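Note that ligands are numbered from 1 as they come in the structure, with each ligand's atoms numbered from 1 the same way. Source: prediction; values computed, not measured.
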Amino acid sequence: MPVARPDSSGARIIAHVDLDCFYVQVEQRKQPKLRGLPTAVVQYNEWKGGGLIAVGYEARNYGVKRSMRGDEAKEVCPQIELVQVPVARGKADLSSYRNAGSEVVSILARKGRCERASIDEVYLDLTDAAEAMLAETPPESLDEVDEEALKSHILGLESKDGNDSKATVKEWLCRCDADHRDKLLACGVLIVTELRMQVLKETEFTCSAGIAHNKMLAKLASGMNKPAQQTTVPFSSVKGLLDSLPIKKMKQLGGKLGTSLQNELGVTTVGDLLKFSEDKLQESYGFNTGTWLWNIARGISGEEVQARLLPKSHGSGKSFPGPRALKTVASVQHWLNQLCEELSERLCSDLEQNKRIAHTLTLHASAFKSSDSDSRKKFPSKSCPLRYGTAKIQEDTFNLFQAGLREFLGSFGVKTQGSHYSGWRITALSVSASKIVPVLSGTCSIMKYFNGPDKFGSTSEQLPDNFIDAAPLSPSGSESYSTLNSTELQNELPGEQVWIEHSMADLGQLEMKANTWNGLDPSCSISKQTSGTESSSSLDQNKPQNRDDSRMRSVPIKSNQQEHKKSALKDKGASSILNFFKSGDLSCSSGNHDTEHAETLLPLGDCLSESNKKQVNIPKERLDNSTGDCLSESNQNQVNIPKERLAEAATTSTSTDRCGSDQIQQRSESWKLRIEEIDPSVIDELPKEIQDEIQAWLRPSKRPHRVKQGFTIADYFSPSKNR
Ligand code: TTP
């Protein structure tokens with residue numbers, strides 16, 4: 001539902017930037033020989049040459065349209081180059097487009113608050129940059145104005161006295177007598193020109209832009225002159241623009257509301273709304289919508305540009321039209337597994353690059369009953385809390401599907417477990433992850449995510465109780481960039497809030513208890529903080545929330561200090577805490593490493609070693625007597641803990657542990673930890689004594705500090721110590 005927001009005080013300069021025929025440009029950059037040729041990108045579906053999803057401007061000149069299939073496009077433009085969308089796992093793989101979009105976003109974000117609105121669209125709030133330009137180098141002071149800026153379209157501006165349009169634009173941009181709003185807008189025109197040129201230079205992509213005083217007008221303007229052009233809406237031209245704008249062209253009026261305005265109130269253009277009072281519009285459409293309609297008729301919109309460069313959700317979907325509709329549980333499971341694999345990969349890279357975790361897993365499907373293909377009954381979308389790890393996502397998604405299928409068939413009066421009834425067809429599947437929020441407290445929360453079973457148990461039987469009906473399928477399903485609201489998350493899933501709020505001391509207990517790295521996709525390693533613009537920006541935006549609990553110290557995820565330490569450690573081959581815990585060297589290892597159990601967690605011994613050769617060896621007898629103060633020499637930078645100690649630890653494990661005590665005893669001579677792989681952010685969370693102890697390990701040439709008996713890193717992580 002549209003929401004009326006008061007227009008912010010003072011003039012704002014907002015730009016909407018939209019890449020031109022985006023997928024085509026990406027493909028042309030991959031294959032430069034296609035540049036200048038009529039080109040289109042077609043779906044992964046060979047039927048009639050595949051559906052066109054992006055059409056280059058050269059092809060548009062021949063009359064090729066997105067609604068056509070490849071064969072039809074060839075009829076109107078025989079020389080058209082049809083490029084098939086990249087494919088992975090038997091479906092379209094959009095990652096190259098997503099990444100290309102991110103490249104552009106990182107450039108545009110340099111000048112102001114940036115909101116990624118879709119895979120190829122961005123809003124920018126350039127108010128501060130425009131104010132600064134106006135104060136320092138106002139357009140009227142410029143001798144020369146960039147040629148590209150002179151090609152701008154200024155709505156309502158007409159060439160006078162036979163002047164060519166460039167001269168008219170220059171005159172408009174450099175007017176001394178313009179009011180403050182128009183002067184700011186002129187600065188916006190110059191800034192956006194510069195940004196577009198920079199995008200072209202760095203990425204080879206052209207884009208078009210709209211520049212106005214709010215998002216609504218900027219968006220309307222950006223599509224007016226394409227490709228590679230920009231359009232500006234001065235305040236004085238707003239009325240003229242809206243007077244002639246068909247009501248259905250306005251954002252949020254393309255559907256039922258727009259139809260109702262046409263049918264009930266006889267409105268055909270946005271300007272027609274001016275005939276109605278706010279009271280009348282509120283009476284007809286409710287308080288909020290009524291006010292919103294009254295505002296948009298006047299070009300008023302207070303919607304802010306959100307500082308957000310990352311998507312709100314991730315999704316992976318595939319359709320199975322016509323004869324390709326799925327009709328067996330096995331085929332559905334096959335495709336769900338593919339989709340989940342892709343989703344899991346993207347969740348992992350989001351976690352790794354941006355330190356964000358998703359909370360909700362949702363399955364959407366389209367189906368019909370084979371004897372009733374006209375039925376409008378919908379396959380219910382289903383959601384549950386999201387557990388990380390490909391296998392877990394696959395398992396949960398399949399359970400969601402089965403629950404949905406039971407309900408779908410139940411709506412026809414078919415009482416069945418689904419798999420025993422074959423009269424259904426699936427025409428689309430989509431799996432998505434939403435409620436994505438920053439990791440609250442560095443590695444602590446990440447660890448809990450991977451130890452997911454506590455969240456809702458690992459058995460599929462438990463799943464249906466957790467199901468919630470999901471929101472309707474989002475338009476293209478793949479990625480959503482709308483505003484993230486972490487409060488909403490807390491309200492909707494209060495239980496999860498508890499789940500992620502463990503103190504640091506709980507970490508060891510949780511990990512020791514579960515030892516459940518079994519669900520973790522080995523490809524999903526949180527190995528390093530990448531330095532891409534996107535991730536760093538997102539981290540800036542998504543600061544962890546403060547907690548009162550003093551033991552749950554909030555770690556600024558990427559403070560300079562940590563970065564410094566981290567890079568210092570990187571040189572020694574250090575990686576993050578996740579690698580630290582899941583590294584093969586952390587296995588319950590015997591002479592021959594058992595990779596299957598390489599994910600088991602480490603109970604550290606009470607002992608320290610003075611070692612300049614990368615290992616702390618802890619003699620069995622020292623561990624047994626628990627004096628906690630022993631030192632030994634070693635040749636490797638590892639902590640070796642004997643099997644007796646492991647067995648003791650294993651008795652605290654749950655029955656679901658893969659590395660139970662017997663197995664551990666059989667397989668383990670020692671536990672090993674690479675000291676250089678300790679994540680500095682974890683060190684910072686530990687008590688001072690422990691930090692000193694670890695620092696001593698990291699300075700092998702010096703003798704390590706002795707720490708108070710009974711208060712070592714081992715105690716800190718040990719589940720048996722109730723701290
Ligand atoms: P659009 O911005 O709608 O279109 P476009 O960038 O191809 O062309 P224009 O210059 O007119 O803006 O969509 C961006 C990309 O999204 C597009 O290149 C391909 C993809 N897309 C689909 O895959 N399916 C669709 O139905 C639409 C509309 C777009």
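- Between Lys215 and Glu303 a salt bridge is recorded (basic side-chain N to carboxylate O distance below 4.0 Å).
- Salt bridge annotation for Lys91-Glu342: present, with a cationic side-chain nitrogen under 4.0 angstrom from a carboxylate oxygen.
- Residue contact check: Tyr57 has heavy atoms under 4.0 Å from atoms 9 (P), 10 (O), 11 (O) of ligand 1.
- Polar contact with ligand 1: present for Lys226 (N/O pair, distance under 3.5 Å).
- If you look at Leu19 next to ligand 1, the close heavy atoms, those under 4.0 Å, all belong to the backbone.
- Proximity of Arg66 to ligand 1, defined as any heavy-atom pair under 4.0 Å, is confined to the side chain (atoms from C-beta onward).
- Contacts between Tyr97 and ligand 1, counted as non-hydrogen atom pairs separated by less than 4.0 Å, are absent for every part of the residue.
- Between Trp335 and Phe320, the distance from one ring center to the other falls under 6.0 angstrom.
- With respect to Glu103 and Arg29, a salt bridge is recorded, a charged nitrogen being found less than 4.0 Å from a carboxylate O.
- Those atoms of ligand 1 that come under 4.0 Å of a heavy atom in Arg60, given as number and element, are 8 (O), 9 (P), 10 (O), 11 (O).
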- Task: Go through Glu147 and Leu150 one step at a time and tell me if the side-chain contact (heavy atoms from CB on, under 4.5 Å) criterion holds.
- Result: CA-CA 5 Å; Glu147 273 292 299; Leu150 297 181; 4.0 Å; yes
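- One N or O on the side chain of Glu115 and one on the backbone of Gln306 form a donor-acceptor pair closer than 3.5 Å.
- Considering backbone and side-chain atoms alike, Phe22 places an N or O below 3.5 Å from some N or O of ligand 1.
- With respect to the salt-bridge test (charged N to carboxylate O, under 4.0 angstrom), the residues Lys251 and Glu121 do not qualify.
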- Query: Could you go step by step and tell me if Phe401 and Phe379 meet the ring pair (Phe, Tyr, Trp, His ring centres under 6.0 Å) rule?
  - Reply: CA-CA 9 Å; Phe401 170 77; Phe379 191 99; 5.6 Å; yes
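- Under a cutoff of 6.0 Å and an axis angle of 45°, Arg60 and Tyr57 form a cation-pi pair.
- At a distance under 4.0 Å, no protein heavy atom can be found next to atom 26 (O) of ligand 1.
- Neither the backbone nor the side chain of Gln25 comes within 4.0 Å of ligand 1, counting heavy atoms alone.
- The protein non-hydrogen atom at the shortest distance from atom 15 (C) of ligand 1 is Tyr23 CE1, 3.8 Å.
- Those atoms of ligand 1 that come under 4.0 Å of a heavy atom in Asp18, given as number and element, are 2 (O), 12 (O).
- At the shortest separation from atom 21 (N) of ligand 1 among protein heavy atoms lies Ile53 O, 3.8 Å.
- Ligand 1 places these atoms under 4.0 Å from at least one heavy atom of Asp120: 2 (O), 6 (O), 14 (C).
- Within ligand 1, the atoms closer than 4.0 Å to a non-hydrogen atom of Cys21 are 5 (P), 6 (O), 7 (O), 8 (O), 9 (P), 10 (O), numbered from 1 in the order shown.
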